[in-house]
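Below: the structure, in structure tokens.
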Amino acid sequence: MTEIANLKAGLIADIVAADTLDALEALRVGALGKSGVVTGLLKTLGPMSPEERMDKGPPIQDLRESVTVALADRKAALEQAALDAKLASEKVDMTLPADLGAQGSVHAVSQVMDELAEIFADLGFSVATGPEIEDDWHNFTALNIPETHPARAMHDTFYFPDEEGAKKMLLRTHTSPVQIRTMMNGTPPPIRIIAPGRVYRSDSDATHTPMFHQIEGLVIDNGITLGHLKWTLETFLKAFFEREDIVLRLRPSYFPFTEPSVEVDVGYTLTNGQRVIGGDGDAAGGGWLEVLGSGMVNRRVIEACGLDPDEWQGFAFGTGVDRLAMLKYGMNDLRAFFDGDLRWLKHYGFSALDVPTLSGGVGA
């Protein structure tokens with residue numbers, strides 16, 4: 001037993017004296033490795049009788065445990081010493097810019113959605129949402145769209161298969177059903193909402209896609225006139241395009257859910273071959289571009305929502321978010337919005353910190 005005690009003392013002394021992790025690892029292998037001295041002693045226990053094992057086993061097991069603990073303690077001490085030395089010798093210049101690595105970007109559509117929400121929030125509008133899978137009544141009938149209207153045709157609308165006794169369901173073709181649901185949710189007027197979201201129509205070319213983004217607005221109150229509509233749209237477009245020289249032209253039009261209805265054109269000028277929003281479209285080198293559809297909410301729509309059209313009046317408007325993004329940021333093909341091309345996203349994308357604010361400029 002004196003031999004094992006001497007071996008234990010020697011091994012622990014060597015472990016304590018080890019000054020590097022490599023030296024400590026060599027001692028571990030020499031003691032506890034496959035051919036280590038402690039491992040060799042443990043192997044001698046196998047052929048022993050139970051009586052011999054009870055006599056010689058405990059000192060050998062104590063030797064293994066003591067050496068294992070000493071190795072762990074010395075390794076921790078050496079690692080801490082190495083870390084302390086590294087911290088004492090290394091310096092970090094905190095004024096250097098950090099390497100951020102690969103960064104994602106905010107899609108132009110998401111950015112414009114945020115810009116629109118910021119602008120209309122300042123005008124007192126709240127954001128309303130609704131289901132993208134709609135029934136025929138909310139999407140068409142409540143909006144005074146007759147059964148024979150072309151918008152209901154299969155080649156314009158994505159319908160779900162008919163089920164006996166069930167409502168006719170479809171992918172909404174506009175966000176106008178959100179206006180209907182808002183007027184019918186039991187909250188009395190006044191109402192001031194915008195309804196942004198995805199809509200679906202069977203169309204695809206450079207300026208149309210089967211799925212696109214739309215934003216619609218609704219105001220219901222007493223004494224609302226076309227003057228309120230024009231001021232709202234003018235204020236909105238000035239803030240969105242960040243120009244004070246926005247000139248609007250309202251043209252009579254027809255929408256089943258508004259009466260009277262107007263198309264809204266905005267003036268533009270050609271600068272270096274590029275169309276720039278702003279200025280009088282009738283001036284030399286200028287022109288007019290349609291950007292919005294709008295009008296006074298039809299009496300039938302107000303009645304369908306359970307409100308008295310003699311007491312409540314309002315206006316509604318709608319435009320494509322993707323189209324606004326194209327006009328503001330100089331894009332010429334709507335299909336690129338949905339290609340997932342990283343080069344396009346890197347060029348047109350926005351930093352996550354570019355949060356639109358009216359004080360800093362919504363397009364900053």
Side-chain angles (χ1 to χ4, degrees), residues 108-109 112-125 127-128 143 145 151 172-179 191-199 201 203 207-209 212-220 224-269 275-282 286-298 301 314-329 331 334 362-363:
V109 169
V112 170
M113 286 277 203
D114 289 343
E115 293 179 11
L116 297 175
E118 177 71 14
I119 293 168
F120 280 108
D122 190 61
L123 295 176
F125 287 69
V127 176
L143 289 161
I145 299 177
R172 67 182 182 186
T173 59
H174 43 192
T175 57
S176 299
V178 178
Q179 301 179 19
I191 296 171
R192 290 177 178 82
I193 64 158
I194 57 170
R198 288 184 290 264
V199 297
R201 297 178 190 174
D203 204 354
T207 57
H208 299 85
T209 54
F212 58 100
H213 301 83
Q214 193 178 64
I215 184 167
E216 298 193 13
L218 173 70
V219 170
I220 299 292
I224 299 297
T225 68
L226 270 176
H228 296 115
L229 169 63
K230 185 175 186 293
W231 178 89
T232 300
L233 297 182
E234 192 173 64
T235 303
F236 151 56
L237 291 171
K238 284 181 178 180
F240 179 73
F241 289 109
E242 300 179 71
R243 295 181 63 120
E244 285 298 320
D245 61 344
I246 295 296
V247 179
L248 300 187
R249 181 177 70 176
L250 274 59
R251 291 180 290 107
S253 185
Y254 167 75
F255 303 112
F257 33 86
T258 54
E259 178 60 37
S261 303
V262 292
E263 299 277 10
V264 180
D265 301 334
V266 62
Y268 70 86
T269 56
R275 181 186 292 153
V276 178
I277 301 298
D280 187 349
D282 290 329
W288 297 97
L289 187 67
E290 178 190 328
V291 292
L292 285 151
S294 62
M296 302 300 293
V297 180
N298 195 300
V301 175
F315 63 77
F317 57 88
T319 184
V321 176
D322 317 83
R323 180 170 174 78
L324 289 178
M326 293 173 71
L327 291 174
K328 184 172 182 177
Y329 296 110
M331 307 163 189
L334 182 61
V362 291

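Please read these numbers as outputs of a predicted model, since none were measured by experiment. One is the number of the first residue; the rest follow in order along the sequence.
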Could you measure the distance from the CD atom of Glu234 to the CD1 atom of Ile246? Nearest 0.5 Å is fine. 9.0 Å

Of all heavy-atom pairs linking Ala128 and Pro196, the shortest is O-CD, 3.8 Å

How many angstroms lie between atom OG of Ser294 and atom CG of Leu229, to the nearest 0.5 angstrom? 4.5 Å

Please assess Val127 against Phe120 for the test side chain to side chain contact (heavy atoms under 4.5 Å, CB included), listing each intermediate value before the final yes or no. CA-CA 9 Å; Val127 176; Phe120 280 108; over 6 Å; no

Atom pair CG (Leu237) and CG (Leu324), whose distance is rounded to the nearest 0.5 Å: 7.5 Å

Below 4.5 Å, heavy atoms only, C-beta onward: do Leu289 and Arg323 meet side chain to side chain? yes

Got Leu327 and Phe241 here, is their nearest side-chain heavy-atom distance under 4.5 Å? yes

So how far is it from Leu218 CG to Ser176 OG, rounded to the nearest 0.5 Å? 9.5 Å

Nearest 0.5 angstrom please: Glu115 CD to Glu242 CD, how far? 7.0 Å

What I'd like to find out is whether the side chain of Arg243 reaches to under 4.5 Å of the side chain of Val276, using heavy atoms alone. yes

Work out which heavy atom in Ala108 is nearest to a heavy atom in Met331; give both atom names and the distance. CB-CE, 3.6 Å

Parallel, tilted or perpendicular: rings of Phe317 and Phe125 (30°, 60°): perpendicular

Do the side chains of Val321 and Phe212 get nearer than 4.5 Å, heavy atoms only? no

Got Ile215 and Thr175 here, is their nearest side-chain heavy-atom distance under 4.5 Å? no

Would you say the side chain of Arg251 lies within less than 4.5 Å of the side chain of Asp265, judging by non-hydrogen atoms? yes

Could you tell me whether the side chain of Asp322 and the main chain of His213 form a donor-acceptor pair under 3.5 Å? yes

Shortest non-hydrogen contact between Ile220 and Gly314, atoms and distance: CD1-CA, 3.9 Å

For Thr319 versus Val291, what's the shortest heavy-atom pair and its separation? OG1-O, 2.6 Å

In short, Ala316 meets Thr258 closest at the heavy-atom pair CB-CG2, 4.5 Å

Could you tell me if the side chain of Leu233 sits less than 4.5 Å from the side chain of Leu250, heavy atoms only? no

Should Val219 and Ile224 be marked as a side chain to side chain contact (heavy atoms under 4.5 Å, CB included) after you check the CA-CA gap, both sets of side-chain angles, and the distance that decides it? CA-CA 8 Å; Val219 170; Ile224 299 297; 4.1 Å; yes

Compare all side-chain heavy atoms of Gln214 with those of Arg172 and state whether any distance is below 4.5 angstrom. no

How many angstroms lie between atom CG of Leu248 and atom CG of Leu292, to the nearest 0.5 angstrom? 8.5 Å

For Phe257 and Ile145, run side chain to side chain contact (heavy atoms under 4.5 Å, CB included): C-alpha distance rounded to whole Å, both residues' side-chain angles, the deciding distance at 0.1 Å, then the answer. CA-CA 7 Å; Phe257 33 86; Ile145 299 177; 4.3 Å; yes

In terms of ring plane angle, is the pair Phe240 and Phe236 parallel, tilted or perpendicular, where the classes change at 30° and 60°? tilted

Enclosure of Arg198 CZ (heavy-atom neighbours >12, cutoff 6.0 Å): no

Determine, step by step, whether Trp288 and Asp280 satisfy the side chain to side chain contact (heavy atoms under 4.5 Å, CB included) criterion, reporting the C-alpha distance in whole Å, the side-chain angles of both residues, the deciding distance to 0.1 Å, and the verdict. CA-CA 8 Å; Trp288 297 97; Asp280 187 349; 3.5 Å; yes

